[in-house]
Every structure is written in structure tokens, then in C-alpha cells.
Amino acid sequence: MTSLISPAAPPAADPAALALQAELPAAIADGQLRVHYQRIVAAGTHRVVGVEALVRWQHPEHGLLGPGAFVPLAEGTPTMVALTTWVLERAAAQCAAWRAAGHDVGVSVNLSAALVHDPGLLGTVRAVLAEHRLDPGVLTLEVTETALLADPCGAAAVLAGLRAAGARVSLDDFGTGYTSLTMLRQLEVDELKIDRTFVAAAAQAPVDAAIVRALVDLAHRLSMEVVAEGVEDARTAELVRGLGADVLQGFHFARPVPAPEVFTAADAAPVDFPRPHPGARLAGPTPAPRPADEAERVQLARRVLAAATGSQGLLRRTTALAAGLAGAEFASFNVVGEDHVHLLGAHGHSFTRVARDGSPCAWTVLQRDVLEVDCAEDHRTARGDVATAGVRHYLGVPVLDALGRVLGVLCVYDRLPLTVDAARREQLRLLAGVLADHVEGVEAAGQLDRVHAILQATTEVDRADGESGVVDVLARAVHDLTRPDFTVLVGRAAGEARWTVLTGYGDAPRAVDGAGYDEHGRSAVARALATQRPVWVPDTRTSSVVDTDLARRWGAAAVLAVPVVAADGARYVLSQCWRRPQPDLPAVLRDAAFAAASFAAHAVTARSLRATADSAPAALPGPRSA
């Protein structure tokens, strides 16, 4: 039975709880609180995409206290507002520091019911985002269902204001409260977080698995991302990924840890490679350590080799495209076995096998991330088969399955140094995703043709005439990639503040010519501008993102809106529309569309910088030195 006693008023018979409640305000002021962070990972790759901030109390007498020991005591008191604000400020500052250090992550902070209805909340969030220069969509504010029940209409307005300020909104512990479908439809929410009780039971109970699948489908139809929390083991991780969850969180991936440990924990950090003694002569390569799951990994490698025997055509096309992207002489899809590395789909050479020791691919498997080395100079590869064959520059991209296991490595290499920028790396990751789909049994040949076409279009950007030419090349390429019924390019006309349709592609209706957009209205374009992320709406009739009247006038039953975000913010949005609802759009195509938009954004920024430099007055000569 649920207690009817308010958590803010602990029973008089519990003097310890009363004492903690009384001490908490001073503890906040004295700096006794700590923030720990739990990593949140993408369901498909297990790449860290965010962290959740969780408060702890370093009590001088009781030691480190978890939130359950003191947060309920603060609910309903002014201390709760001070506590949540303190966590929000610390978490935002830490996230900004991580992003400055190169970690592309967001941070989630729990909002108490008291703070949701606090009149100063919006101002606090705006100030925090501005102070730490966090881009829209980096900060996620988690709100429980129960926090919305007291004043649903007022809460809906608050959530809309938070999103307009640049924060994402997550509905936490979904499934345990009393939110009606009508209320859910009225809320502006970016993320739905399925409660751990359903997630944990899904692997054992078909009923709970069915509930998770239904919640995922509901969220996706409302254009929300789905987080499965409470993932405690690999079996559950695989199951909820198969049920459609986008993001996973739980002890299987990480426990909450202090900020310095988030990206240095053993299961998150790159392998700490042994270093030779300075000045020591290398008798041979440093053998790559055998991971703890070596037997399972080798068994998986054998299955990949067996599955790839009939795929040489697709593999060769993929590796040829990878070599072209990197400007490399050689490329291959490599599978690391027990003692050898097998080179499949070889481009530019005839090697089919090299020794595992000395191969950079063995180290790529351990690192589980992109590895770039000079094979002749690096002690891990010097005098190995690859270096002996004359290869200097190597770049390997791990090909990961849905469980985050390494199926193989997409490699590009050359006898001369290469320059592979961030945009090309992302395109190589995209090709690795195509290979992962194919190895796992997903039909990828048709997708590869479309991805190939869009990557070829990126080579035309350098020849495009001005910013409008750059965007036109990429807009046409994305339209050909996703193959909607029509695409419109939305931007700001010169000298105007509002967003309008600049041009259309495909069978665009006349109603869209010159149509305007409210930047804060209900449309996929407005959501893409607010979050600076792609927005996928498979069915506009059931989406909380899109105004159904607007969708009906345009004849758009499904929409993919992809923003082109340059250094100074969003410049354009490609809105691709289908006249029939779409069950789904393959993730690799959505990724490719966003990669193309990112490439266009880089090109637009570079042209703007060049134009500014060309228009700047020449520097005056300084005084002549004596």
C-alpha cells in the first residue's frame, strides 16, 4: 500500500530523517553535495550519447548518501528548489567542460514537481544555458508524470517554454503514473523514458515485453525518442533494442560515478596501450592484448567470415567508396581472428591474410573506436606484416553490431600520409553502418547505392557556386537519397527575419511556394530549428510535433526535417515529405541525410569565413624594426 504521508513531512517517530531534513539547506551552502553521472548509450552502437546527473550527499557523519536518503525529505519544501537548481548549474558546467574537451554528449537533470511549477524556472534554465553556452538540445530536463498532474495545463505551458528556451524535455518513469493519452498528446515532449520495472521484467515476461513494444511504438508515432532505463544485463539490452528503444541506460553499461571517472572508467576509456622504453630498439610489434571475452569474440569472427563469403561484390563496392572518400590507395573490410586478420573486399591490393600481431586492426578491436596510426613508427605495428608491406598511414573504423560487438574493421591505408578530416571520418562511420546492417542480415545493397550517390555529391560541393550552390547540391542529393514525394528547402531570405520556403524538389505542391514558417510553431521544421537535430515524423496524423491542419494542406503524411547548422546557428532546413505514412526510414539513410547536411554546413561556414577575409581591409604595415 502506498503511504499517504507526504515525503516532506517524515513521521515524528523518525528523528534521523527529521535531522537530515533540517541539515540539508546548510549542506547545500557548505558544499557537501556531489553530482555523479551515469552514462547513457545509443541502442545500436553503445556509443555514449549522454549522461544523467544524480545527486549525492557527502555527509560528515553518515558518509556518502544516495538521493533516496534525502531527496524525498526536501520535496514540498523551499530546499527542493535550491537543491535542483544547484544540481542543474553543476551539471551544465560539467557538460560544457566535457564538450570543450571533445566529448559530444548531453546531460539530463531531474526536475522536481516543485520546480516545474516554480515561476523562476524558465529564467534559471535560460541563464544556465547562456552562461555555459550549451547548444539547443544538449540539456535534457526530466519530469515525472506525477509532477504534471497538479496542473496539467500549466505544466504543458512550462514544458513548451523550456523547449523554446533550448532544453529538451523527457517524461521520466513513464508507465508508473496516471498520464492519460489525451494529456500526453497535449504535451511538448522530446523523450519518453520507460520505467525500469517494465524494462527489467521484459526479458522474463512476454506481457511486459508487449507493453514496452507498445510504449515504443506510441512514442515514435508522437515523434519522441525512447530511453529504456534499468538495463542490467546483455540479454535485456538486446531485447529492448529489438523492441525499438533508441537509447539505453543501466548498470549493464555503467554505474553512476564522479565526473572525472565518466570517460576514464575501464569500460569506457580507450585501451591503455603499453609504451616501449624511450630509445629502445623495436625487435618487433607489440602484441595486442587478448580481451577478456576473446573466446566469444573469435567465435563471432568465424560467423562473420562465413556470412561474408558470398558478399564480395558488396564489400568491394564499399571499400572502393571508402578509399575514394579518404583519398587512400588501399581499403578492405578486415575480420580479426584468433591468430590472423582476414582482409575481405580488398581494394588496391591482393592480400587476404596478415598476422594478428602487428596489425592495427587488432588494436582497433580493443579500442572499439576509430584508430589512426603511422604503421612504420608506432610500436604496436612497426615490423608487422602491414608495415613491412610498405603501409604508413592507417585509419580503421570498427563495424559494430546492435550489441556493440565488433564484427570487423573498415580500413583505409596508404603508403603516404593522409589527411582525413572530421567530415570524412563521419562518412566512413556511415559506410561502417552499412556493412554492419549487411553482416547482420539487413538488405544493404540498395542502401549502399543511395549512400554512394550522396557521398559522390559531396565532391561537387567544392565546385558549387556560392552558398546557394552548396545547399542546392546537397538538397538534391538528400532528396535522391531518401526518395520522398517532395522536398522543400526552408531558409531566411536576404534581409528577412522569418523562415520561408526558398525552393522545392520533386512533386512539390504549389501551396508550398513561398510559404512561411513560425519558428516557434508546431511543425517538424520548427522542431528541427529548436533542437538543431533531424526530426523524423512517420505519421503526421498522430504526431504531437506537427500541426495536422498544416500537414493536411501540404499533403504531407510523413516528414523528415534535417537542419543545416553552420557555425553561427541553423541556416536552412531540408523538409522531406511523403504523401503516405511511412512505417520507418532506415537509420542508415537518416544518418546519411544528416551527414550530408553537416557537410553542407561546414562548406557554408568555410565560404563565409573566406568571404569575410576577402572583404576585410588590408592590414597597415607596422613600424619598421631597427
Distance-only criterion, 3.5 Å: show the donor-acceptor pairs between side-chain atoms of residues 408-417 and protein atoms not counting sequence neighbours.
residue : atom : partner : partner atom : Å
Tyr413  : OH   : Ser332  : OG           : 2.7
Tyr413  : OH   : His349  : NE2          : 2.8
Asp414  : OD1  : Leu416  : N            : 2.9
Asp414  : OD2  : Glu329  : N            : 2.7
Arg415  : NE   : Glu329  : OE1          : 3.1
Arg415  : NH2  : Glu329  : OE1          : 3.1
Arg415  : NH2  : Glu329  : OE2          : 2.3

Backbone N/O of Arg579 and side chain of Asp485: donor-acceptor pair under 3.5 Å: yes
Worked verdict on Val386 versus Tyr394 for side chain to side chain contact (heavy atoms under 4.5 Å, CB included): CA-CA 9 Å; Val386 176; Tyr394 165 93; 5.6 Å; no
Note, Ile40 side chain near Val105 side chain (heavy atom, < 4.5 Å): no
Arg39 side chain vs Phe253 backbone, donor-acceptor pair below 3.5 Å: yes
For the student: nearest non-hydrogen atoms of Leu418 and Ala328, plus distance: CD1-CB, 3.8 Å
Any Trp363 side-chain heavy atom under 4.5 Å of Val373 side chain: no
Derivation of the side chain to side chain contact (heavy atoms under 4.5 Å, CB included) call for Val341 and Phe351: CA-CA 10 Å; Val341 177; Phe351 284 91; over 6 Å; no
Taking every non-hydrogen atom, the tightest pair across Pro509 and Trp554: CG-O, 3.7 Å
Student check: side-chain heavy atoms of His220 and Asp246 closer than 4.5 Å: yes
Polar side chain donor-acceptor pair, Glu52 to Ser108, under 3.5 angstrom: no
Salt bridge (charged side-chain N to carboxylate O under 4.0 Å, His left out) against Arg527, all qualifying residues, sequence neighbours excluded: Asp190
Nearest-0.5 Å distance, CG of residue Leu502 to OH of residue Tyr572: 7.0 Å
Heavy-atom side-chain proximity of Tyr517 to Leu529 below 4.5 angstrom: no
Heavy-atom pair of closest approach, residues Asp374 and Thr381: O-OG1, 4.0 Å
Residues forming a side-chain hydrogen bond (donor to acceptor under 3.5 Å, both in side chains) with Asp135, sequence neighbours excluded: none
Side-chain heavy-atom pair Val48, Phe263 within 4.5 angstrom cut-off: yes
Side-chain touch Cys95/His132, heavy atoms, less than 4.5 angstrom: no
Worked check of side chain to side chain contact (heavy atoms under 4.5 Å, CB included) between Trp98 and Val51: CA-CA 11 Å; Trp98 278 326; Val51 295; 3.7 Å; yes
Check: Thr319 side chain, Gly345 main-chain N or O, donor-acceptor pair, under 3.5 Å: yes
Intermediate values then yes/no, side chain to side chain contact (heavy atoms under 4.5 Å, CB included), Val49 and Val247: CA-CA 8 Å; Val49 294; Val247 185; 4.1 Å; yes
Results of side-chain hydrogen bond (donor to acceptor under 3.5 Å, both in side chains) for Arg133 - residues two or more places apart only: none
Which residues share a side-chain contact (heavy atoms from CB on, under 4.5 Å) with Asp472, sequence neighbours left out: Arg476, Tyr505
Sub-4.5 Å side-chain heavy-atom contact between Leu431 and Leu435: no
Set of residues satisfying side-chain contact (heavy atoms from CB on, under 4.5 Å) with respect to Gln582, sequence neighbours excluded: Trp536, Ala558, Trp578, Arg580
Side chain proximity check, Arg429 to Val370, heavy atoms < 4.5 angstrom: yes
